[in-house]
Amino acid sequence: MGPNGSDAWVSFWSYCLTGVAVATALALVPHLASADETGESFWTPGSFGSLAATPSQPGFSLSSTWYHTSTTAGSDVARARAIRIGRIEASVAESVNAVSVSPEDLAMITPSYTFATPVFGGQAAVALTATYGRKRTTDDLTLTTPVLVGPFAVTRSRFDTISDTVTGFGDLSPQFSLRWNTGVHNVMTYLTGNIPVGTYDRARLSNISIGHGALDGGAGYTYFNEQTGYEFSAVAGLTYNFVNPSTQYQNGVDVHLDWGASRYVTKQLQIGLVGYLYNQASCDGGSGDRVGCFQSRVASAGAQLGYTIPMGELDGNVSVRAYREFAAANRPEGWNLWLSYVLSPADPASARSATPPTRRIYVK
């Protein structure tokens with residue numbers, strides 16, 4: 001199942017993960033009323049799933065994912081989007097009631113390579129995710145303006161609907177990771193980022209790209225007992241966002257936690273639960289910030305199903321994950337579905353035994 005690291009390495013990274021988890025909890029607690037620009041972030045919550053920290057077989061792998069989400073946002077997000085595209089002025093923002101609806105479909109391809117030579121006693125891997133998709137956004141606005149009619153002050157309401165659709169390529173996201181294993185315990189660390197080369201226009205409500213660079217790093221842990229088939233994974237991370245050169249807006253620091261729990265009911269069939277927590281730990285800024293300290297959060301829980309298809313020297317793994325979001329603030333809320341297919345080198349030992357193969361889930 002990959003190189004075995006020493007107990008010291010596992011203990012060291014377990015302490016690191018504990019620290020990240022504590023930082024995540026601390027970040028979530030004091031900012032519960034506290035978003036990225038228009039409520040959209042670099043990190044897609046749910047990107048990590050079950051078996052996230054388990055090593056895999058050396059060589060090339062290919063992951064393809066269809067991601068569908070349907071969300072609805074309240075006045076704060078819809079107002080911020082209308083301000084960004086210049087449809088309304090920030091000075092009258094408090095007089096706007098709005099609803100924003102955004103269905104989205106993305107196709108993500110992630111080729112990766114896992115090295116056979118250990119690095120710091122662990123298993124190193126590199127990956128690159130490319131995205132192509134379609135997004136439609138509709139804002140229904142009600143703008144209320146006070147006016148004077150003779151000696152009387154009255155309010156005048158104006159209704160407006162803004163809608164657009166975009167189809168195109170998204171940004172590129174490279175990733176480097178290290179994983180260590182000893183028995184049923186697995187730990188990992190990763191570093192990823194955003195290269196803003198995708199379809200973006202500040203005058204549009206809908207964009208596939210986020211329009212700016214970002215760096216994200218974190219650590220994770222997986223408990224996986226091959227004899228019983230039980231597994232639990234959790235990965236926590238932080239995102240630093242660079243200034244959007246088109247809007248001069250800079251998102252605050254984001255904190256996220258993805259988790260999954262599952263059991264192999266047969267050697268090939270896996271079922272379980274999934275979820276995530278996402279919170280923005282610091283205020284937005286930049287000279288283009290016209291909405292103030294716009295911090296966001298969201299949580300989610302759902303279910304997963306996976307099936308591994310032996311193909312000789314390769315294994316194919318099909319997985320479905322569905323999430324329902326709740327407790328959102330300054331961010332769209334709804335549901336999302338991930339359908340993934342991973343093609344990777346088979347584990348010869350697993351092919352000769354009754355133990356299930358390890359196929360970690362990561363998409364970004």
Hey, would you say the [X] and [Y] ring centroids sit under 6.0 Å apart?
X	Y	result
Tyr113	Phe115	yes
Tyr323	Tyr276	yes
His68	Trp338	no
Trp43	Phe48	yes

List the atom of [X], the atom of [Y], and the distance in Å for their closest heavy-atom pair.
X	Y	answer
Gln268	Ile309	NE2-CA, 4.3 Å
Ser246	Arg202	O-NH1, 3.0 Å
Pro345	Ser61	CD-OG, 3.5 Å
Val298	Phe326	CG2-O, 3.8 Å
Leu337	Ala322	CD1-CB, 3.9 Å
Asp164	Leu205	OD2-N, 2.8 Å

What distance separates [X] [atom1] from [Y] [atom2], expressed to the nearest 0.5 Å?
X	Y	atom1	atom2	answer
His212	Ile195	NE2	CD1	14.0 Å
Leu172	Leu128	CG	CG	5.5 Å
Asn241	Ile210	CG	CD1	6.5 Å
Met108	Ser173	CE	OG	10.0 Å
Glu333	Ser70	CD	OG	11.5 Å
Ser50	Ile271	OG	CD1	11.5 Å

Donor + acceptor pair across side chains of [X], [Y] (<3.5 Å):
X	Y	answer
Ser340	Thr65	yes
Ser206	Arg134	no
Thr308	Asp315	no
His256	Asn279	no
Glu231	Ser262	yes
Ser319	Arg321	no
Tyr278	Glu325	no
Glu104	Thr69	no
Asn244	Tyr200	yes
Thr222	Asn186	no
Asp171	Ser209	yes

Should the ring pair Phe169 and Tyr132 be called parallel, tilted or perpendicular, given that the plane angle runs from 0 to 90° and is split at 30 and 60?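 Phe169 and Tyr132: perpendicular rings.
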
May I have the step-by-step check of side-chain contact (heavy atoms from CB on, under 4.5 Å) for Val243 and Gln248, ending in yes or no? CA-CA 6 Å; Val243 174; Gln248 296 304 308; 3.9 Å; yes

Quick check: does any side chain N or O of [X] sit under 3.5 Å from a backbone N or O of [Y], one acting as donor and the other as acceptor?
X	Y	value
Asp254	Thr239	no
Gln175	Val126	no
Ser296	Arg331	no
Thr189	Arg179	no
Gln304	Leu273	yes

Please lay out, stage by stage, how Thr110 and Thr129 fare under the test side-chain hydrogen bond (donor to acceptor under 3.5 Å, both in side chains). CA-CA 4 Å; Thr110 305; Thr129 298; 2.8 Å; yes

Show your working on side-chain contact (heavy atoms from CB on, under 4.5 Å) between Gln123 and Thr114 and close with a plain yes or no. CA-CA 7 Å; Gln123 187 182 71; Thr114 301; 3.3 Å; yes

So do the side chains of [X] and [Y] get within less than 4.5 Å of each other, counting heavy atoms only?
X	Y	result
Arg204	Thr199	yes
Ile109	Leu62	yes
Leu215	Thr192	no
Met311	Leu343	yes
Ser47	Asp258	yes
Val235	Tyr190	yes
Tyr264	Leu269	no

Give a yes or no on whether [X] and [Y] share a hydrophobic cluster (residues Ile, Leu, Val, Met, Phe, Trp, Tyr; joining criterion: side-chain heavy atoms under 4.5 Å apart).
X	Y	value
Phe60	Val119	yes
Val255	Trp259	no
Phe120	Val187	yes
Tyr307	Val265	yes

Neighbour count >12 (heavy atoms, 6.0 Å) for atom CD, Glu313: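 No.
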
Taking atom CZ of Phe232 as the centre, report whether more than 12 heavy atoms of other residues, nucleotides or ligands fall under 6.0 Å from it.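 Yes, CZ of Phe232 has more than 12 neighbouring heavy atoms, counting only those of other groups under 6.0 Å.
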
Please determine which of Trp180, Phe224, Tyr223 meets the side-chain contact (heavy atoms from CB on, under 4.5 Å) test together with His185.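 When side-chain contact (heavy atoms from CB on, under 4.5 Å) is applied between His185 and each of Trp180, Phe224, Tyr223, only Tyr223 qualifies.
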
Sole candidate of Pro332, Ser163, Pro103, Ser102 that passes side-chain contact (heavy atoms from CB on, under 4.5 Å) when paired with Thr137: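 Between Thr137 and the candidates, side-chain contact (heavy atoms from CB on, under 4.5 Å) is satisfied uniquely by Ser102.
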
Under the criterion side-chain contact (heavy atoms from CB on, under 4.5 Å), I'd like the reasoning laid out for Ile208 against Lys135: C-alpha separation, chi angles, the key distance, then a yes or no. CA-CA 7 Å; Ile208 306 297; Lys135 184 176 183 178; 4.1 Å; yes

Before giving the answer on side-chain hydrogen bond (donor to acceptor under 3.5 Å, both in side chains), spell out for Tyr249 and Asp284 the whole-Å C-alpha distance, their side-chain angles and the decisive distance to 0.1 Å. CA-CA 8 Å; Tyr249 192 105; Asp284 292 349; 2.5 Å; yes

I'd like to know whether Tyr67 forms a side-chain contact (heavy atoms from CB on, under 4.5 Å) with Asp105, so could you lay out the CA-CA distance, the side-chain angles of the two residues, the decisive distance to 0.1 Å, and finally the verdict. CA-CA 6 Å; Tyr67 171 78; Asp105 290 280; over 6 Å; no

